[in-house]
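Heads up, the thing below is written out as structure tokens.
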Amino acid sequence: MAPVAPRSGDAVFANVERVNAELFTLTYGAIVRQLLTDLEEVDEVNKQLDQMGYNIGIRLIDEFLAKSGVSRCVDFKETAEVIAKVGFKMFLGVTASVTNWDADGTSCSLVLEDNPLVDFVELPDTCQGLYYCNILSGVVRGALEMVSMKTEVTWVRDMLRGDDAYELRVKLLKQVPEEYPYKDDE
Amino acid sequence: MASTACFIIVSRNDNPIYEAEVGSAVKKEEAAHQHQFILHAALDIVQDIAWNTNAMFLKAVDRFNDLVVSVYVTAGHTRFMLLHDSRNDDGIKSFFQEVHELYIKILFNPLYLPGSRIMSSQFDTKVRALARKYL
């Protein structure tokens with residue numbers, strides 16, 4: 001039997017370094033603002049945020065595995081739970097809930113009731129197509145890719161667009177088998 | 001609630017960024033223009049007083065017939081100006097303080113450019129609610 005992973009990130013969260021929430025929120029806001037000025041197109045900004053998130057995710061996963069003490073997950077369901085309960089808690093200070101599994105267990109929703117990234121934010125008419133938190137989907141995608149899971153992460157609900165929560169749809173496309181880089185006879 | 005009240009926010013660059021007629025009196029176009037005019041004229045007086053006092057709330061800086069202009073100057077020199085015919089100083093002060101908090105929230109929105117017009121409908125609704133409560 002696999003060792004039991006910590007069911008909540010509280011313990012880890014208590015030990016990691018933290019920054020002031022407003023500083024964090026405003027810094028992220030400044031990044032989005034700057035992207036909007038530089039790229040002008042809202043779609044481009046979404047793409048760029050996703051790419052930035054991806055770049056963070058592929059690095060963050062190492063930090064996560066090192067500090068959280070989580071071991072290998074048995075299946076995708078466990079992975080989703082760990083992301084929601086430990087991952088989000090550790091890096092964002094909030095926990096998500098995992099719901100809406102489809103029949104074959106390959107896609108689920110991570111629902112965030114509370115999201116520190118969007119304090120103070122209100123979308124003006126000019127940025128209606130913007131997924132303000134698109135960086136998060138990139139982080140999840142990047143992190144899972146590093147542990148050999150190709151995923152597709154999309155926003156289903158967004159509070160800034162008038163929904164009642166944040167919902168990230170995570171769809172497992174395929175498990176990439178780990179490749180041993182050398183041939184046996186070399 | 002006051003029968004006449006007109007509230008505007010003027011940015012540090014002297015652009016009006018928010019305007020609302022919050023009185024209970026029937027809205028008349030020419031009255032609105034007149035209110036704007038009076039508030040506009042009061043800006044010069046505010047300019048003189050603001051630098052001679054530590055207070056943010058400057059009450060009754062100017063009057064026009066039975067209408068009085070009260071002003072609240074934020075640290076960033078944004079001016080909240082209220083034209084009113086009531087004499088409820090405490091209410092007006094509380095109104096300004098709460099609007100100040102709302103305004104700070106607007107400023108903290110990274111997608112809002114300081115000094116641009118406040119288009120947020122939430123802000124508008126809340127300001128009108130505060131006006132009903134305090135004026």
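Note that these values count all heavy atoms, side chains included, but never hydrogens, waters or copies made by symmetry. Every chain is numbered from 1 and lettered A, B, ... according to where its sequence line falls, protein lines coming before strand lines.
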(message) For residues B:Met119 and B:Tyr18: do they belong to one hydrophobic cluster (side chain heavy atoms under 4.5 Å, members Ile, Leu, Val, Met, Phe, Trp, Tyr)?
(response) no
(message) With rounding to the nearest 0.5 angstrom, report the CG to CG distance, A:Leu26 to B:Asn109.
(response) 10.0 Å
(request) Select one option (side chain, backbone, both, neither) describing which atoms of B:Leu113 are under 4.5 Å from chain A's heavy atoms. (result) both
(message) Check for me, please, whether A:Phe24 and A:Val16 land in the same ILVMFWY cluster - side-chain distances under 4.5 Å, paths through other members count.
(response) yes
Sequence neighbours left out, cut at 3.5 Å: what donor-acceptor pairs do the side chains of residues 63-78 of chain B make with other protein atoms?
| residue | atom | partner | partner atom | Å |
| --- | --- | --- | --- | --- |
| B:Ser70 | OG | B:Ala60 | N | 3.3 |
| B:Ser70 | OG | B:His84 | NE2 | 3.0 |
| B:Tyr72 | OH | B:His100 | ND1 | 3.0 |
| B:Thr74 | OG1 | B:Gly76 | N | 3.4 |
| B:Thr74 | OG1 | B:Thr78 | N | 3.1 |
| B:Thr74 | OG1 | B:Thr78 | O | 3.3 |
| B:Thr78 | OG1 | B:Tyr103 | OH | 3.1 |

(request) With chain B as the partner chain, list the residues of residues 149-172 of chain A whose heavy atoms fall under 4.5 Å from it, by residue number, and write 'none' if nothing qualifies. (result) none
(message) Less than 4.5 Å to any heavy atom of chain A: does that hold for the side chain of B:Tyr112, its backbone, both, or neither?
(response) backbone
(request) Determine whether A:Val19 and A:Leu117 fall in the same hydrophobic cluster, where Ile, Leu, Val, Met, Phe, Trp and Tyr are linked whenever their side-chain heavy atoms lie under 4.5 Å apart. (result) yes
(message) If the contact rule is any heavy atom under 4.5 Å from chain B, which residues of residues 122-143 of chain A qualify, in numerical order?
(response) A:Glu122, A:Leu123, A:Pro124, A:Leu130, A:Tyr132
(message) Are there over 12 heavy-atom neighbours, none belonging to B:Asp90, within less than 6.0 Å of that residue's CG?
(response) no
(request) Taking heavy atoms only and a threshold strictly under 4.5 Å, list by residue number the residues of residues 49-63 of chain A that touch chain B; give 'none' if the list is empty. (result) none
(request) For atom CZ of B:Arg12, decide whether the heavy atoms of other residues, nucleotides or ligands shown that lie under 6.0 angstrom number more than 12. (result) no
(message) Quick check on the hydrophobic clustering: are B:Val10 and B:Phe7 connected, directly or via other members, by side-chain heavy-atom contacts under 4.5 Å?
(response) no
(request) Please report the closest heavy-atom contact between B:Leu111 and A:Val121, naming both atoms and the distance. (result) CD1-CG1, 4.1 Å
(message) Using the rule that Ile, Leu, Val, Met, Phe, Trp and Tyr join whenever any side-chain heavy atoms are under 4.5 Å apart, tell me whether B:Phe57 and B:Leu39 fall into a single cluster.
(response) no
(request) Please report the shortest heavy-atom distance between A:Ala30 and B:Pro110, naming the atom on each side. (result) N-CB, 4.4 Å
